[in-house]
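Down below is the structure, laid out as structure tokens.
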Amino acid sequence: MKMNYFVFGTNNMEAAVKFYDALFENTEMRQTFASERMTFWQGEDEDGAFAVAIPFDQNTATNGNGTMLGFSLDSEDEVTRLYNKAIELGGSCEGKPGQRGPRFSAYVRDLDNNKIAFGAKNM
């Protein structure tokens, strides 16, 4: 069994799409579908997706304490680049790039306070 997709709720679709379009520049992630309520990005293999969505129940989107999405990257440089890009785009630091256990990782929060991890295996 593999993960199919992961969705973060947003209270500002326009700002969320702008954040993730800019964050995913120079990566394999591309916007593949958008509606008024949801926007999806997928990698080249199109096996799995990431999305932002206005909650279906129309209540305020909130982030989960302890909820985190991790992106696996090819290098420590790419971890650092995406961490810096997220901060530049208005995200906040949850852990600067560095070695943590078997992975080189960095942690940020997006504009809706959702937690994102960027990690690369030791090469």
Side-chain angles (χ1 to χ4, degrees):
M1 184 183 320
K2 307 189 234 186
M3 185 173 70
N4 185 351
Y5 61 88
F6 193 95
V7 179
F8 278 156
T10 185
N11 295 303
N12 184 332
M13 181 61 77
E14 183 179 342
V17 168
K18 185 176 177 180
F19 179 91
Y20 284 103
D21 276 344
L23 182 65
F24 294 148
E25 277 179 351
N26 302 313
T27 74
E28 68 177 40
M29 298 292 283
R30 299 286 176 256
Q31 196 182 119
T32 58
F33 175 83
S35 70
E36 188 174 297
R37 198 180 74 74
M38 281 183 101
T39 301
F40 284 85
W41 292 263
Q42 292 178 286
E44 292 173 1
D45 64 6
E46 296 187 1
D47 192 19
F50 168 73
V52 292
I54 295 170
F56 183 75
D57 65 7
Q58 298 182 356
N59 289 321
T60 301
T62 59
N63 63 302
N65 186 23
T67 301
M68 177 174 28
L69 169 63
F71 288 103
S72 186
L73 304 168
D74 291 332
S75 70
E76 293 178 7
D77 288 343
E78 188 67 354
V79 168
T80 301
R81 185 185 76 76
L82 284 173
Y83 166 85
N84 289 331
K85 182 72 172 182
I87 299 300
E88 172 189 317
L89 293 168
S92 60
C93 175
E94 280 285 312
K96 292 183 178 184
Q99 192 66 41
R100 292 173 177 85
R103 297 181 70 82
F104 183 87
S105 309
Y107 302 87
V108 297
R109 289 199 180 262
D110 71 5
L111 304 179
D112 287 291
N113 212 29
N114 295 299
K115 192 170 182 180
I116 306 165
F118 302 116
K121 291 181 183 176
N122 286 338
M123 303 294 165

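All residue numbers in this chain count up from 1 along the given sequence.
- To the nearest 0.5 angstrom, E28 atom CD is 10.5 Å from Q42 atom CD.
- Taking the side-chain contact (heavy atoms from CB on, under 4.5 Å) definition, one finds that T27 meets it with F24, M29, E78, R81, L82, sequence neighbours left out.
- The structure places CE of M13 at 6.5 Å from OG of S35, a figure rounded to the nearest 0.5 Å.
- Counting heavy-atom neighbours within 6.0 Å of E14 CD, excluding the residue itself, gives a total of 12 or less.
- The main-chain N or O of N63 is never found under 3.5 Å from a side-chain atom of D112 such that the two would form a donor-acceptor pair.
- Using a 4.5 Å cut-off between side-chain heavy atoms of Ile, Leu, Val, Met, Phe, Trp and Tyr, with links allowed through other members, L69 and V108 fall into the same hydrophobic cluster.
- The two residues V52 and A16 make their nearest non-hydrogen contact at CG2-CB, 4.2 Å.
- No cation-pi contact links K96 to Y83, judged by a cut-off of 6.0 Å to the six-membered ring centre and 45° from its axis.
- Scanning both residues, V7 and A53, for their nearest heavy atoms gives CG1-CB, 3.7 Å.
- For the pair R37 (side chain) and I54 (backbone), a donor-acceptor distance under 3.5 Å is present.
- Residues I87 and V79 fall within the same hydrophobic cluster, defined by Ile, Leu, Val, Met, Phe, Trp and Tyr side chains chained together at heavy-atom separations under 4.5 Å.
- Scanning both residues, K115 and T67, for their nearest heavy atoms gives CB-O, 3.7 Å.
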- Task: Any chance you could lay out the side chain to side chain contact (heavy atoms under 4.5 Å, CB included) test for L23 and L89, step after step, and finish with the verdict?
- Result: CA-CA 8 Å; L23 182 65; L89 293 168; 4.0 Å; yes

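- Residue F33 holds its CZ atom at 8.5 Å from OG1 of T39, rounded to the nearest 0.5 Å.
- With hydrogens and angles ignored, the 3.5 Å screen pairs no side-chain donor or acceptor of N11 with any backbone N or O of T60.
- We find the CZ-CZ distance between F40 and F50 to be 10.5 Å, quoted to the nearest 0.5 Å.
- Between Y20 and F8, the ring planes are tilted. Angles from 30° to 60° get that label.
- Taking CZ of F118 as the reference point, atom NZ of K85 lies at 11.5 Å (rounded to 0.5 Å).
- Here the closest non-hydrogen pair linking A61 and G9 is CB-C, 3.6 Å.
- Atom-to-atom distance recorded for R109:CZ and I116:CD1 is 10.0 Å, nearest 0.5 angstrom.
- Taking the side-chain hydrogen bond (donor to acceptor under 3.5 Å, both in side chains) definition, one finds that N59 meets it with D57, sequence neighbours left out.
- Across R103 and S72, no two heavy atoms sit closer than the pair NH2-OG, 3.2 Å.
- Heavy atoms from other residues, nucleotides or ligands lying under 6.0 Å from CD of Q99 number more than 12.
- When all heavy atoms are compared, the tightest approach of F19 to D110 is CE2-CB, 3.7 Å.
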